[in-house]
Amino acid sequence: MSSPEPFGARLRQAMDTRGPLCVGIDPHASLLTAWGLDDDVNGLERFTRTVVEALADRVAVLKPQSAFFERFGSRGVAVLERAVAEARAAGALVLMDAKRGDIGSTMGAYAEAFLDRGSPLFSDAVTVSPYLGFGSLRPALDQAVLSGCGVFVLALTSNPEGAEVQRATASGGSSLAQLMLDHMAGENAGADPMGPVGAVVGATLGAAGVDLDINGPLLAPGIGAQGATPADLPGVFGGAVRNVVPSVSRGVLRYGPDAVALRTAAERFAEEIRVAVGEA
């Protein structure tokens, strides 16, 4: 059996053809209410199907936040399984926002859940937390390469509480975030056009103050409702801006449930991002 196409190549192609945009699928209770839906499994399914049908054939990446599905138990997870399959069938890459982090066989089980092609939750990439030590991610990193998938590692997040860990000084004198980024760069060394290991770096941070040249994708949440704009991206990411995957959730989802309005909002963000990073 031939090896799968590497994630970095698939993501670059998707960004170049569909635009560098990730749209989050975040069915908050308040957002379901704003759409005129009940905060139950039926509302969850209608919301999710609307977003997938409106956007999966045109955006590069869809990013479901697993917690908003898990809160409804097995029926919510079943909605997530269908959404992942339908989004991928329509051509979008699916980034599962699960932020898993553990050790040994438990990390291996998380990797199988999201990165094994036989899993009903199989996704193109998953978010993970490295703060049990970068080496604890090895099962996910290895499974990602085997399956042609990606792993996005938390580095510098947009929540203010993150700084007490991420900006702390590691034993070598750099910040913990920089140490994690250095590990990611090592995993991606020699990959073309970019490697499978990405970093999560908030677009709201201003100048990041770290070396983001990891030869991998940079997921940038915070565009839209959290206050960052596409014009902020060059200032945060500098020379690595072409590898940035800006993520928008409420900035697009608030235009639902009208499918045309959702598409229009996503297309507007994608065009603003192209201009900001010099791809227009």
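Note that the numbering runs from 1 along the sequence shown for the chain.
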For this session: Verify side chain to side chain contact (heavy atoms under 4.5 Å, CB included) between Val165 and Tyr131, making sure each step is shown before the conclusion.
Result: CA-CA 9 Å; Val165 174; Tyr131 293 106; 3.9 Å; yes

Locate the shortest heavy-atom distance separating [X] from [Y]; write the atom from each residue and the value.
{"X": "Ala155", "Y": "Ala177", "answer": "O-CB, 3.6 Å"}
{"X": "Ser249", "Y": "Gly24", "answer": "OG-CA, 3.4 Å"}
{"X": "Arg58", "Y": "Ala54", "answer": "NE-O, 3.4 Å"}
{"X": "Pro217", "Y": "Gly195", "answer": "CD-O, 3.4 Å"}
{"X": "Leu93", "Y": "Ala14", "answer": "CD1-CB, 4.1 Å"}
{"X": "Ala266", "Y": "Leu21", "answer": "O-CD2, 3.3 Å"}

[atom1]/[X] to [atom2]/[Y] distance, rounded to the nearest 0.5 angstrom?
{"X": "Leu141", "Y": "Met184", "atom1": "CG", "atom2": "CE", "value": "10.0 Å"}
{"X": "Leu44", "Y": "Phe68", "atom1": "CG", "atom2": "CZ", "value": "10.5 Å"}
{"X": "Asp213", "Y": "Asn243", "atom1": "CG", "atom2": "CG", "value": "8.5 Å"}
{"X": "Leu32", "Y": "Asp38", "atom1": "CG", "atom2": "CG", "value": "9.0 Å"}
{"X": "Phe152", "Y": "Cys22", "atom1": "CZ", "atom2": "SG", "value": "8.0 Å"}
{"X": "Ser66", "Y": "Leu121", "atom1": "OG", "atom2": "CG", "value": "8.5 Å"}

Is there a continuous path of hydrophobic side-chain contacts, each under 4.5 Å between heavy atoms, that joins [X] to [Y]?
{"X": "Phe72", "Y": "Phe47", "value": "yes"}
{"X": "Leu212", "Y": "Leu179", "value": "yes"}
{"X": "Val126", "Y": "Val145", "value": "no"}
{"X": "Val94", "Y": "Phe122", "value": "no"}
{"X": "Leu31", "Y": "Leu62", "value": "yes"}

For this session: Would you check, one step at a time, whether the test salt bridge (Lys or Arg N to Asp or Glu O under 4.0 Å) holds for Asp57 with Arg263?
Result: CA-CA 10 Å; Asp57 66 344; Arg263 294 183 188 117; 5.1 Å; no

Does the side chain of [X] reach to within under 4.5 Å of the side chain of [Y], using non-hydrogen atoms?
{"X": "Gln65", "Y": "His28", "value": "no"}
{"X": "Val153", "Y": "Val197", "value": "yes"}
{"X": "Thr33", "Y": "Leu37", "value": "no"}
{"X": "Thr169", "Y": "Ser174", "value": "no"}
{"X": "Leu115", "Y": "Ser123", "value": "no"}
{"X": "Asp26", "Y": "Arg250", "value": "no"}
{"X": "Leu233", "Y": "Pro246", "value": "yes"}
{"X": "Met194", "Y": "Ile214", "value": "no"}

Are any of the side-chain nitrogens in [X] or [Y] under 4.0 Å away from the carboxylate oxygens of its partner?
{"X": "Arg242", "Y": "Asp16", "result": "yes"}
{"X": "Arg138", "Y": "Glu187", "result": "yes"}
{"X": "Glu271", "Y": "Arg274", "result": "yes"}
{"X": "Arg75", "Y": "Glu45", "result": "no"}
{"X": "Asp124", "Y": "Lys63", "result": "no"}

[Y] backbone acceptor or donor facing [X] side chain under 3.5 Å:
{"X": "Ser119", "Y": "Ala113", "value": "yes"}
{"X": "Ser129", "Y": "Lys99", "value": "no"}
{"X": "Asp232", "Y": "Thr229", "value": "yes"}
{"X": "Arg10", "Y": "Gly148", "value": "yes"}
{"X": "Arg100", "Y": "Val128", "value": "no"}
{"X": "Trp35", "Y": "Leu253", "value": "yes"}
{"X": "Asn215", "Y": "Asn188", "value": "yes"}

Problem set entry | Plane angle bin for Phe134 and His183 - parallel if under 30°, tilted between 30 and 60°, otherwise perpendicular |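 It falls in the parallel class, under 30°.
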
Exercise. Given Phe237 and Val244, is the side chain to side chain contact (heavy atoms under 4.5 Å, CB included) satisfied, shown in steps?
Worked result: CA-CA 8 Å; Phe237 295 94; Val244 171; 3.4 Å; yes

For this session: Take atom CZ of Arg82 as the centre, draw a 6.0 Å sphere, and report whether it contains more than 12 heavy atoms from other residues, nucleotides or ligands.
Result: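 More than 12 within 6.0 Å, yes.
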
Problem set entry | Heavy atoms of other groups near Ile103 CD1, more than 12 under 6.0 Å |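 No, because the 6.0 Å sphere around CD1 of Ile103 holds 12 heavy atoms or fewer from other groups.
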
Exercise. Between Gln178 and Asp211, is a side chain to side chain contact (heavy atoms under 4.5 Å, CB included) present by the stated rule, with each step listed?
Worked result: CA-CA 7 Å; Gln178 185 63 65; Asp211 182 3; 3.7 Å; yes

Exercise. Any side-chain donor paired with an acceptor under 3.5 Å for Thr157 and Gln166?
Worked result: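 A donor-acceptor contact under 3.5 Å links the two side chains.
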
Exercise. Side chains of Gln143 and Ser147: do they bring a donor and an acceptor to under 3.5 Å?
Worked result: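 On atom types as modelled, these side chains qualify, holding a pair under 3.5 Å.
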
For this session: Please test Cys149 against Phe114 for side chain to side chain contact (heavy atoms under 4.5 Å, CB included), starting from the C-alpha separation and ending with a verdict.
Result: CA-CA 10 Å; Cys149 295; Phe114 299 114; over 6 Å; no

Exercise. Looking at Val236, Ile273, Leu218, Val277, which one forms a side-chain contact (heavy atoms from CB on, under 4.5 Å) with Val241?
Worked result: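 Considering Val236, Ile273, Leu218, Val277, a side-chain contact (heavy atoms from CB on, under 4.5 Å) with Val241 is found only for Val277.
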
